[in-house]
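Following: one structure in structure tokens, then a few remarks.
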Amino acid sequence: MHDNTMQELETRRYFAAGLLEWYDRNKRDLPWRRTSDPYHIWVSEVMLQQTRVDTVIPYYFRFLEKFPDVEALAHAPEEEVLKAWEGLGYYSRARNLQSAVREVHERYGGTVPDRKEDFSSLKGVGPYTAGAVLSIAYNVPEPAVDGNVMRVLSRFFLIEDDIAKGPTRVKMEKLARELIPEGEAGSFNQALMELGATVCTPRSPHCLTCPVMERCRGRLEGRAEELPVKTKAKPPRIEARAVALIEGSGPHAGKLLIRRRPRQGLLANMWELPHIEIERPAGKAAAAQQGAEMEALGAGLAETDGVTVLPERWLMDAEHIFSHIRWELAVYRCRLDPRFEAAGLPPHYRWLDAGEMERYAFPNVFLRILAEVGIEQT
DNA sequence: AATGCGGGGAT
DNA sequence: ATCCCAGCATT
């Protein structure tokens with residue numbers, strides 16, 4: 001595999017040249033391919049971590065409209081950045097990006113550094129993002145190995161190492177680095193990813209339209225579809241939760257009670273409807289279960305937040321699947337205890353007016369629930 | 001090396 | 001229902 005015989009070197013040149021020529025003719029017209037601004041390219045690469053192109057495109061435009069340059073993002077309130085990221089997921093990406101951009105603003109005078117040691121040291125910039133931004137923005141000959149690239153390389157060179165393992169990525173990076181044609185780092189890295197995204201797909205790869213099919217060992221040996229080898233992740237754990245939809249009265253009529261999540265951990269700093277984790281035994285009658293859950297919800301919110309509510313009736317169920325947790329939510333309409341209302345709310349609680357949705361960033365699952373009860377952002 | 005961290009589209 | 005996506009940070 002790593003013997004640099006003349007045959008192997010020739011195959012590598014064939015691979016790189018074939019990919020470059022194909023990319024030049026077939027590349028998609030993507031927004032971040034119409035700019036040479038390193039900051040814009042950087043934003044696109046962070047958004048594209050674990051996220052599909054079609055999902056990213058609208059976020060990319062909105063984000064850069066709000067924060068068009070390093071200066072703008074560096075000076076923005078974190079809440080606005082989080083709101084601009086709302087729905088994209090992995091919210092630490094947004095926080096890390098802003099932190100990194102602030103460092104670029106202060107330490108590098110607003111110019112995205114073009115040296116690997118400098119750029120890689122920034123928050124949220126790992127091996128992939130460093131290689132992608134440096135090669136695409138500055139044509140620095142660094143590899144950019146993501147899931148697409150590992151799939152393409154594992155098939156073409158018939159590499160059977162488990163791509164879920166750390167050392168495999170290092171091995172792929174070494175190979176990818178050696179494949180980069182002189183002066184073509186940006187185009188070559190994008191060509192590799194583009195092939196993985198559009199031709200060398202996880203299932204049913206389109207081998208017959210592949211520019212390098214003639215020497216693809218995976219295809220020639222009939223094993224393209226079984227590559228790459230990857231250990232499968234364990235299923236998410238289930239968490240049952242009871243959610244309180246609390247409508248205000250008097251001065252708070254028409255508003256809903258929301259709370260902010262802790263600054264660390266899952267969905268950090270985002271807003272949500274108050275809820276608690278509950279036991280949900282299987283096989284219990286729905287009515288009895290709902291009664292038990294309403295009682296637990298009242299007691300739970302009193303205990304955890306000191307907020308006293310009176311659950312009245314079941315409203316809807318909702319489900320949300322993270323990569324590691326599966327939330328099964330039951331939403332209950334509640335009244336706030338009038339004696340409590342006079343006492344005042346805990347500091348992380350707010351009354352939400354339907355007209356000020358733009359001030360609070362919610363995880364998608366709560367946006368869906370709010371839409372269901374008639375509160376949507378315009 | 002293993003785990004935490006969102007959300008959605010393709011099959 | 002399953003896979004996996006232009007991954008990174010923390011432990």
Side-chain angles (χ1 to χ4, degrees), chain A residues 27-28 30-33 41-60 82 85-97 99-100 120-137 143-152 162-170 172-173 176 186 188-198 200-206 225-226 228 230-237 261-262 264-270 272 318-327 361-368:
Chain A
K27 63 183 170 193
R28 290 170 290 179
L30 302 176
W32 41 91
R33 288 182 178 158
I41 292 168
W42 182 10
V43 167
S44 77
E45 290 300 341
V46 174
M47 288 184 171
L48 286 162
Q49 291 167 13
Q50 300 297 94
T51 310
R52 288 168 193 286
V53 164
D54 291 336
T55 304
V56 165
I57 288 174
Y59 283 93
Y60 175 82
L82 198 59
W85 210 269
E86 178 186 68
L88 253 191
Y90 287 130
Y91 299 97
S92 66
R93 292 185 295 177
R95 192 190 324 277
N96 288 339
L97 175 62
S99 165
S120 296
S121 72
L122 299 169
K123 279 275 197 333
V125 178
Y128 166 75
T129 307
V133 173
L134 292 175
S135 66
I136 296 171
V145 173
D146 64 357
N148 282 321
V149 171
M150 288 201 280
R151 184 172 58 254
V152 171
D162 183 349
I163 65 167
K165 306 288 187 190
T168 305
R169 200 205 72 236
V170 175
M172 297 278 189
E173 284 171 349
F188 177 73
N189 285 344
Q190 292 183 85
L192 211 39
M193 294 187 278
E194 187 86 343
L195 189 78
T198 63
C200 196
T201 47
R203 280 172 291 192
S204 309
H206 309 105
E225 284 206 64
E226 57 187 79
K230 184 179 184 182
T231 57
K232 61 173 188 238
K234 60 178 184 183
R237 68 172 184 274
R261 296 181 59 84
Q264 303 258 332
L266 185 69
L267 302 168
N269 265 347
M270 300 194 71
E272 64 181 5
E319 179 182 80
H320 192 61
I321 304 175
F322 304 92
S323 44
H324 58 307
I325 307 172
R326 176 197 189 97
W327 273 359
F362 291 91
N364 266 4
V365 62
F366 293 108
L367 289 177
R368 288 198 302 271

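A note on names: the letters A, B, ... follow the listed sequences, proteins ahead of strands, and every chain is numbered from 1.
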*Whole-Å distance between C/dA6 P and A/Q49 CD?*
12 Å
*Which value, in whole Å, describes the distance between the P atoms of nucleotides B/dG8 and C/dA9?*
24 Å
*What nucleic acid atoms does A/R169 come within less than 4.0 Å of, heavy atoms only: base, sugar-phosphate, or nothing?*
nothing
*Look at the side chain of A/H320 and decide which nucleotide, out of C/dA6, B/dG6, B/dG7, has an atom nearest to it.*
B/dG7
_side-chain hydrogen bond (donor to acceptor under 3.5 Å, both in side chains) partners of A/Q264, counting only residues at least two apart_ = none
*In whole Å, what is the span from the OH atom of A/Y59 to the C1' atom of C/dA6?*
17 Å
*Between B/dG8 and A/N364, is there an OP1 or OP2 to side-chain N/O distance shorter than 4.0 Å?*
yes
_So A/G196, base contact, sugar-phosphate only, or nothing? Heavy-atom distance under 4.0 Å._
nothing
*Between B/dG7, C/dC8, C/dC4, which nucleotide has the shortest distance from any of its atoms to the side chain of A/P127?*
C/dC8
*asked:* Using a heavy-atom cut-off of 4.0 Å across all strands, would you classify A/P235 as base, sugar-phosphate, or nothing?
replied: nothing
*Please tell me which of the listed nucleotides, C/dG7, C/dC4, C/dA6, lies nearest to the side chain of A/L30?*
C/dA6
*asked:* With a 4.0 Å limit, can you tell me whether A/Q50 has a side-chain N or O closer than that to the phosphate oxygens OP1/OP2 of C/dG7?
replied: yes
_Side-chain (A/Y59) to main-chain (A/E86) donor-acceptor, under 3.5 angstrom_ = yes
*When you get a sec, tell me which of B/dG8, C/dC4, C/dA6 is the closest nucleotide to the side chain of A/L48?*
C/dA6
*Return the set of residues passing ring pair (Phe, Tyr, Trp, His ring centres under 6.0 Å) with A/W32 (not counting sequence neighbours), or none when no residue passes.*
A/Y60
*Taking atom C1' of B/dG7 as reference, at what distance in whole Å does atom CZ of A/R368 sit?*
9 Å
*Quick one: the side chain of A/T51 and the base of B/dG6, do they pair up donor-acceptor inside 3.5 Å?*
yes
*With A/E226, which residues qualify under side-chain hydrogen bond (donor to acceptor under 3.5 Å, both in side chains), at least two apart?*
A/R223
*When the distance from NZ of A/K165 to C1' of B/dA2 is rounded to whole Å, what number comes out?*
9 Å
*When all nucleic acid strands are considered with a 4.0 Å heavy-atom cut-off, which category describes A/R33: base, sugar-phosphate, or nothing?*
base
*Describe the nucleic acid contact of A/V46 in one word from base, sugar-phosphate, nothing, applying a heavy-atom distance below 4.0 Å.*
nothing
*In terms of ring plane angle, is the pair A/W327 and A/F322 parallel, tilted or perpendicular, where the classes change at 30° and 60°?*
perpendicular
*asked:* Please report the distance separating the P of C/dA6 from the corresponding atom of B/dC5, rounded so that it comes out in whole Å.
replied: 23 Å
*Looking only at atom C1', what distance separates C/dT10 and B/dG7, rounded to whole Å?*
22 Å
_For C/dC4 and A/K232 - does any side-chain N or O of the residue sit under 4.0 Å from the phosphate oxygens OP1/OP2?_
no
*Please work out if A/R326 contacts a base, only the sugar-phosphate, or nothing of the nucleic acid, heavy-atom cut-off 4.0 Å.*
nothing
*Using the closest heavy atom to pick a nucleotide of DNA chain B for each, name whichever of A/P167 or A/I321 lands nearer the 5' end.*
A/P167
_Non-hydrogen side-chain atoms of A/T51 and A/R93 separated by less than 4.5 Å_ = yes
_Side chains of A/Y90 and A/Q49, heavy atoms from C-beta outward: is any pair under 4.5 Å?_
no
*Do A/M172 and A/V149 come close enough that some side-chain heavy atom pair is under 4.5 Å?*
no
*Quick one: list whatever passes side-chain hydrogen bond (donor to acceptor under 3.5 Å, both in side chains) with A/S44, sequence neighbours left out.*
none
*Rounded to the Å, how far apart are A/L88 CG and C/dA6 C1'?*
13 Å
_Using whole Å, what does the distance between atom C1' of nucleotide C/dG7 and atom CG of A/N96 come to?_
12 Å
*Roughly how far, to the nearest 0.5 Å, is CG of A/L367 from CD of A/E272?*
12.0 Å
*Nearest 0.5 Å please: distance from the CE atom of A/M193 over to the CG atom of A/L195.*
12.0 Å
*Give the rounded distance in Å between these two atoms: CG of A/L82 and C1' of B/dG6.*
12 Å
Look for any protein N or O under 3.5 Å of an N or O in nucleotides 9-11 of chain B and output each such pair with its distance, or none.
none

Between the protein and nucleotides 3-5 of chain B, list every N/O to N/O distance that falls short of 3.5 Å.
| residue | atom | partner | partner atom | Å |
| --- | --- | --- | --- | --- |
| B/dC5 | OP1 | A/L266 | N | 3.2 |
| B/dC5 | OP2 | A/H324 | NE2 | 2.8 |

*Spacing between A/R93 atom CZ and C/dA6 atom P, to the nearest angstrom*: 12 Å
*asked:* Rounded at 0.5 Å granularity, tell me how far CZ in A/R261 sits from CG in A/L266.
replied: 5.0 Å
_I want to verify a distance call: between C/dA6, B/dG7, C/dC5, whose nearest atom is closest to the A/P363 side chain?_
B/dG7
*Determine the contact category for A/W327: base if any of its heavy atoms lies under 4.0 Å from a base atom, sugar-phosphate if only primed atoms, P, OP1 or OP2 are that close, otherwise nothing.*
nothing
*What does A/R95 touch in the nucleic acid at a heavy-atom separation under 4.0 angstrom: a base, only the sugar-phosphate, or nothing?*
nothing
_Need to verify one output field. Residue with the more 5' nearest nucleotide on DNA chain C, A/K123 or A/S44?_
A/S44
